[in-house]
2 protein chains.
Amino acid sequence: MKRQEASENGRTGAVSIRSVAERAGVSIATVSRVLNTPQKVSQSTADRVRKAIEDLEYRPNLFAKGLLTKRSRVIGVSLPDIHGEFYSELMFALDDRACELGYHLLVSSNAHRVERGPGNGFALDLVDGLIVMLTERSGVDIEGISQLSHPAVVIGFDEPGLEVETIVVDNETGARKAIEHLLSENTPDRCYFVGAHRGNIDSDERLNAFCAALRKRGHEPRSDQIARREFSFDWGWEWAEGMIDEGRLEDIAVFAANDEIAIGIANAARDRGIEIPGSLRIVGFDDSRLCSLVRPKLSSVRMPVREIGHAAIEAIIRRIEEPDSAPRHARLATTFVQRESSGGPRSMG
Amino acid sequence: MKRQEASENGRTGAVSIRSVAERAGVSIATVSRVLNTPQKVSQSTADRVRKAIEDLEYRPNLFAKGLLTKRSRVIGVSLPDIHGEFYSELMFALDDRACELGYHLLVSSNAHRVERGPGNGFALDLVDGLIVMLTERSGVDIEGISQLSHPAVVIGFDEPGLEVETIVVDNETGARKAIEHLLSENTPDRCYFVGAHRGNIDSDERLNAFCAALRKRGHEPRSDQIARREFSFDWGWEWAEGMIDEGRLEDIAVFAANDEIAIGIANAARDRGIEIPGSLRIVGFDDSRLCSLVRPKLSSVRMPVREIGHAAIEAIIRRIEEPDSAPRHARLATTFVQRESSGGPRSMG
DNA sequence: AGGATTTGTGTAAGCGTTTTCATGTGCTAC
DNA sequence: GTAGCACATGAAAACGCTTACACAAATCCT
């Protein structure tokens, strides 16, 4: 209705700070102050200005503002090629907290675009800071990230003495609990690890926990107890088929590096009449929604996804607003969630 | 190393178009032309300027640029509270195409923030256009959306004579195929619909297709053949339990409005020893990854998620770049994917 | 060959803000 | 009374870029 009211100012149709100033009978400086430092403006003037702002439906031009302040209240988010529940949960968590704190999210899943170089993609220069999630150890370019002209927070990768803020998940805690649970009924030589390819940070850490637990029981893991390829249902299935063909998928325990692998294995086992958890005990990882959807319900290790998201936003905002504070390094715990697929003493959820 | 080279220009440390101009011995206008309209610049000058740009690692300030051009190459995306595979697939599709076309995504899942009003959230003024996805018929505020000062594209809602560009899924095509498939072995009076609450656009459309198919067979759907609550595993489960208690979950067919509901029903059935697809035939909707993970594999109707994403980006960019073109209205087909849970003649996937 | 055109470049006027500095007003304090 | 001060406001200078306009040099036409 009163949209795009022609400003007395003439020229451009858009309503600018100038139109507001004229309507309120003050200078543009005062309008600006009402918006940014109201305490510097008398009550009566402020009211008049606010009225004008409302009448005109004035909204400050963010480009002009950004030009001066070098701030956009936009956070760049670069996620790896992860799918499903994890992705959406993380995004919601990021978005949640960002909104709460008055920031916005500029996302690019195509992580490669973090690279700089004029002309190219990531509107790197629009954002106030960058959240980068990593899953692979290789091609990390942590150096590059920490030398960006913007503050950055890295999710998923940590290393002593890193200059950027980091947030990692402590795969070890939950994994150990899970494996010990398996070891309560299976001997170490009958426990298996099925994960993603070497180089995947999480898979590797989970494997480390696996090996450590076995060694603690005095058993050096044999190479055939460890299988690695990818985080997929098919890989789990295929591995299980192989094991079954060799008659080795019985009376063992499997620690899968994620839920999809675990379910692949479980499905193959069931199709071949192997009882879970009777003959085959399985634990997955991620505690995705899948766990309660499949039968038997899958024991798993919970990732604190929401917490990661919240922490990442808080971290990046801290770095944006207090660039000189020392970068922190957070480590969030994982927790074992026992369900049906691993049998054992107390059963829940 | 050569980061933040002090510009001969003095003042600010950052490298601006001015530093480049000085280094290349040209005016800033020429630098700008090299970047934006190279054909207006002689080859030799252009080379010199490009060299300077490279040396200085110059990157144009997007705020200044936006201030003039009123363009940011950023697209706002507002998604409803959807989770899981669908969300991530859609985001990837959007991101993919957006990147390809040189745009970026500013997302806000908290859709409410589309509302305008000064001071508040959505960096509405930074974006060149807006993609809004809707799932509920109520509170649509389509008017509001079409009156925004930016071009907009609506996903999921269409209505004759709408001023905004729209992209919807044709629930009907796939749904009809699915129901006809069920009707090939079950009589219309033994077919059930389990969906989300009235008002959810997709659930309602799927229900319509369900009713239409039954009527075409000369059967007016009884109210007990239709159950609605929400898109959740638990709802499916609960509904199935109720049916089982009344001894009515046998020798029937169920068309669930999404996969989660379907799986809830299937799990409840299996726990109670009802054979699928022997005694109970089920079809879900969405063709999510879940379908192949559960046993029996779930027949479903595929949503063209990638296509939606791509179409949305292309649409919004068209509206941004040719604001005067007539808004289009796309309707993307859904397709029935037969698996195990619905039995029937040919079995695949 | 001389004017008309084209081509390449520079000058300068903004774009809509924030912010420094100067100015003016009305106080308090001597 | 007037020096001193706090407070509210305005004028104007940036911020880094695009682009209309002006102008010189090179190119074209008859």
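Residue numbering restarts at 1 for every chain, and letters A, B, ... go by the order of the sequence lines.
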**Prompt:** Starting at CG of B:Leu68 and ending at C1' of D:dT19, how long is that distance when rounded to a whole Å?
**Reply:** 8 Å
**Request:** Round to a whole Å and report the spacing from CG of A:Leu62 to C1' of D:dC15.
**Result:** 16 Å
**Asked** In chain order, what residues pass the side chain to side chain donor-acceptor pair (under 3.5 Å) check against A:Arg306, with sequence neighbours excluded?
**Response** A:Asp96
**Asked** Would you say B:Ser88's side chain and A:Ser88's backbone share a donor-acceptor pair under 3.5 angstrom?
**Response** no
**Message:** From CG of B:Asn61 over to C1' of D:dA14, roughly how many Å is that when rounded to an integer?
**Reply:** 13 Å
**Prompt:** Would a 4.5 Å heavy-atom cut-off, applied to side chains only, mark A:Leu106 and B:Leu105 as touching?
**Reply:** no
**Message:** Ring-plane angle category for A:Phe92 and B:His83, please: parallel below 30°, perpendicular beyond 60°, tilted otherwise.
**Reply:** parallel
**Prompt:** Roughly how many Å is it from CZ in A:Phe63 to P in C:dT18, rounded to a whole number?
**Reply:** 15 Å
**Request:** State whether the side chain of A:Asn36 and the backbone N or O of A:Ser32 hold a donor-acceptor pair below 3.5 Å, judged by distance alone.
**Result:** yes
**Item:** A:Ile82 versus A:Tyr87, closest heavy-atom pair with distance
**Value:** O-CD1, 3.6 Å
**Residues touching DNA chain C, which here means a heavy atom under 4.0 Å, drawn from residues 32-44 of chain B** = B:Arg33, B:Lys40, B:Val41, B:Ser42
**Message:** I'd like to check the side chain to side chain donor-acceptor pair (under 3.5 Å) partners of B:Gln43; sequence neighbours left out, ordered by chain and number.
**Reply:** B:Asp47
**Complete:** The complete set of salt bridge (charged side-chain N to carboxylate O under 4.0 Å, His left out) pairs with one or both residues in residues 307-326 of chain B, sequence neighbours excluded, reads B:Arg97-B:Glu314, B:Glu165-B:Arg318, B:Glu165-B:Arg319, B:Arg302-B:Glu307
**Request:** Please report, rounded to the nearest Å, how far the P atom of C:dA12 is from the CD1 atom of B:Ile17.
**Result:** 17 Å
**Fill in**
Ranking D:dC17, C:dT17, C:dT9 by distance to the side chain of B:Thr45, first place goes to C:dT9
**Prompt:** Between atom CD1 in B:Ile28 and atom P in C:dA12, what is the gap in whole Å?
**Reply:** 11 Å
**Message:** Nearest whole Å is fine: how far is D:dA8 P from A:Asp47 CG?
**Reply:** 13 Å
**Fill in**
Heavy-atom closest pair (B:Leu134 atom, B:Val154 atom, distance to 0.1 Å) is CD2-CG1, 3.8 Å
**Fill in**
Judged by nearest nucleotide, the residue sitting upstream toward the 5' end of DNA chain C, A:Ala29 or A:Leu67, is A:Leu67
**Global bending angle along the helix from C:dA1-D:dT30 to C:dC30-D:dG1, which compares the axes of five pairs at either end, to 10 degrees** = 30°
**Message:** If you only use heavy atoms from C-beta on, which nucleotide in C:dC15, C:dT17, C:dG10 is closest to the side chain of B:Val26?
**Reply:** C:dG10
**Asked** If you check every side-chain atom of A:Ser27, which of C:dT17, D:dC17, D:dG10 has the closest atom?
**Response** D:dG10
Pick out the pairs of N or O atoms, protein on one side and nucleotides 22-27 of chain C on the other, that lie under 3.5 Å.
none

**Asked** Is it true that B:Asp55 and B:Arg23 make a salt bridge, defined as a side-chain N closer than 4.0 Å to a carboxylate O?
**Response** yes
**Message:** Please check: side-chain N/O of B:Arg48 versus main-chain N/O of B:Ala24, any donor-acceptor pairing under 3.5 Å?
**Reply:** yes
**Prompt:** Rounded to the nearest Å, what distance is computed from the CZ atom of residue B:Arg71 to the C1' atom of nucleotide D:dT19?
**Reply:** 16 Å
**Fill in**
Of the listed C:dG10, D:dT9, C:dT18, the closest approach to the B:Thr30 side chain comes from C:dG10
**Asked** Roughly how far apart are B:Arg33 CZ and B:Ile28 CD1, rounded to 0.5 Å?
**Response** 10.0 Å
